[in-house]
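What follows is one structure encoded as structure tokens, with my remarks underneath.
Starting from 1, each residue takes its place in the sequence as its number.
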Amino acid sequence: MQNIYGADMNLHEMLTVLETFNQKANKIKNFSFTEKYLNPGNSVIISGHKEQNDFEINIEEKKVEDEAVEAIALNLRFFIQNNEKTSLMNMSVFYKESNYLHNLSSEFEKLRFRINNILSLAVQPQPSTHSFENPLIIRDIQDVFMYGSLAHSNKEKALIYSNWMSNPITKAAYTHYFQKLVHEYIDVTNKIAFLNNSVIQVVRKHTSV
């Protein structure tokens with residue numbers, strides 16, 4: 001079988017990729033993030049009213065605290081960064097090219113589409129200036145949070161992140177978008193892990209790998 005990097009991949013290597021994906025998916029599911037995201041719930045309401053010449057902004061938000069988000073970020077990158085064999089993009093190729101996974105490729109793509117659909121959504125509010133193509137989309141927020149704050153240090157994205165966090169409106173709104181995306185990654189990757197496991201069981205049952 002031909003893998004995503006153009007080299008022959010044997011059954012043992014294929015199983016290693018699938019099992020690594022499943023381990024990471026299970027790990028992010030078992031972090032405290034999910035429980036804290038669902039209870040008391042994740043939401044943000046931004047409102048404002050004018051009193052004479054002053055305009056007052058009111059922000060009500062329920063979110064997961066930073067520590068729980070930071071704990072999940074280093075593992076989340078295994079599904080985002082395309083230098084990882086377990087990234088959703090690389091796994092898509094993996095499913096299409098593998099004789100063992102090909103029949104499940106359409107199911108995989110339905111799950112991957114859920115993430116890509118969210119990543120392509122425009123956000124509100126739109127910043128007055130930024131370093132991305134207009135409009136600002138959730139994929140941009142993912143990149144800034146991951147590489148400007150959580151998983152890696154990118155000076156340009158760190159500056160953008162700092163600017164967002166200095167504004168109470170963009171801080172609340174973009175944090176909400178990112179945490180909602182993280183919750184979606186947890187659900188999608190665990191459903192993919194279920195597909196992976198169905199293949200792992202068949203291969204191990206009928207081979208000595």
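Between the side chain of Asn90 and the main chain of Glu84, a donor-acceptor pair closer than 3.5 Å is present. Formation of a donor-acceptor pair under 3.5 Å by the Tyr174 side chain with backbone atoms of Pro125 is found in this model. In terms of modelled atom types and a separation under 3.5 Å, the side chain of Tyr177 and the main chain of Gln124 share a donor-acceptor contact. Judged purely by atom type and a 3.5 angstrom limit, Asn190 uses its side chain to pair as donor or acceptor with the backbone of Ile186. Remark: side-chain polar atoms of Ser162 are not paired, donor with acceptor, to backbone N or O of Ala158 under 3.5 angstrom. In this structure, Ser98 contributes its side chain and Phe94 its backbone to no donor-acceptor pair below 3.5 Å. Judged by distance alone, the side chain of Thr175 and the main-chain N or O of Ala172 form no donor-acceptor pair under 3.5 Å. Side-chain atoms of Ser149 do not come within 3.5 Å of backbone N or O of Met146 as any donor-acceptor pair. With hydrogens and angles ignored, the 3.5 Å screen pairs a side-chain donor or acceptor of Gln126 with a backbone N or O of Leu136.
No side-chain heavy atom of Glu60 sits under 4.5 Å from any side-chain heavy atom of Val44. The shortest side-chain heavy-atom distance between Leu15 and Ile200 falls under the 4.5 Å cut-off. Contact of the Glu109 side chain with the Ser92 side chain is registered, since non-hydrogen atoms from C-beta on lie closer than 4.5 Å. The shortest distance between side-chain heavy atoms of Ile46 and Asn58 does not fall below 4.5 Å. Annotation: side chain of Val188 is not in contact with side chain of Arg112 (no heavy-atom distance under 4.5 Å). Asn22 has its side chain out of reach of Thr20: every pair of non-hydrogen atoms, C-beta onward, lies at least 4.5 Å apart. A 4.5 Å side-chain heavy-atom check between Glu65 and Lys36 finds at least one atom pair inside the cut-off.
Hydrophobic cluster membership is shared by Leu38 and Phe31, with clusters built from Ile, Leu, Val, Met, Phe, Trp and Tyr side chains linked at under 4.5 angstrom. There is a path of hydrophobic side-chain contacts, each under 4.5 Å, that joins Met165 to Val144. No single ILVMFWY cluster, assembled from side-chain heavy atoms under 4.5 Å apart, contains both Leu181 and Phe113. Tyr161 and Ile137 fall into different hydrophobic clusters, defined by Ile, Leu, Val, Met, Phe, Trp and Tyr side-chain heavy atoms under 4.5 Å apart, directly or through other members.
Distance check, rounded to the nearest 0.5 Å: CG of Leu76 to CG of Leu150 gives 9.0 Å. Separation of atoms CG (Asn196) and CE (Met14) is listed at 9.5 Å; rounding is to 0.5 Å. In this structure, the separation between CG on Leu104 and NZ on Lys110 is 11.0 Å, given to the nearest 0.5 Å. Atom OG1 of Thr170 is separated from atom CD1 of Ile160 by 12.0 Å, given to the nearest 0.5 angstrom. Taken to the nearest 0.5 Å, the CG atom of Leu101 stands 13.0 Å off from the CD atom of Glu107. Summarising the geometry, atom CD belonging to Glu184 is positioned 4.0 Å from atom CZ belonging to Arg114; distances are rounded to the nearest 0.5 Å.
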Query raised in the report: Could you walk me through whether His183 and Asn42 pass the side-chain hydrogen bond (donor to acceptor under 3.5 Å, both in side chains) check?
Result: CA-CA 10 Å; His183 184 255; Asn42 185 279; over 6 Å; no
Query raised in the report: Is there a side-chain contact (heavy atoms from CB on, under 4.5 Å) between Asn26 and Asn30 once you walk through the steps?
Result: CA-CA 6 Å; Asn26 188 60; Asn30 290 328; 3.2 Å; yes
Query raised in the report: Under the side-chain contact (heavy atoms from CB on, under 4.5 Å) criterion, do Leu119 and Leu121 qualify, and how do the steps go?
Result: CA-CA 6 Å; Leu119 290 172; Leu121 295 176; over 6 Å; no
Query - side-chain contact (heavy atoms from CB on, under 4.5 Å) between Val203 and Leu18, worked out - result: CA-CA 12 Å; Val203 171; Leu18 297 180; over 6 Å; no
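Taking the six-membered ring where the residue is Trp, Tyr37 and Phe33 present parallel rings, their angle staying beneath 30° rather than reaching 60°. Ring-plane geometry between Phe178 and Phe145 is classed as parallel, the angle between the planes falling under 30 degrees on a 0 to 90 degree scale with a further cut at 60.
Side-chain rings of Phe21 and Phe79 approach one another, their centers coming within less than 6.0 Å.
A donor-acceptor contact under 3.5 angstrom links the side chains of Asn83 and Gln81, judged on distance only.
Closest heavy-atom contact between Ile57 and Ile59: CG2-CG1, 4.0 Å. Minimum heavy-atom separation, Asp140 to Trp164: O-CH2, 4.3 Å. Minimum heavy-atom separation, Asn75 to Ala71: ND2-O, 4.0 Å. Nearest heavy atoms, Asn163 versus Ser166: O-OG, 2.7 Å.
A cation-pi arrangement is present between Lys24 and Phe78 under the rule of less than 6.0 angstrom and at most 45 degrees off the ring axis.
Lys191 has a carboxylate O that lies under 4.0 Å from a charged side-chain N of Asp187, or vice versa, which qualifies the two as a salt bridge.
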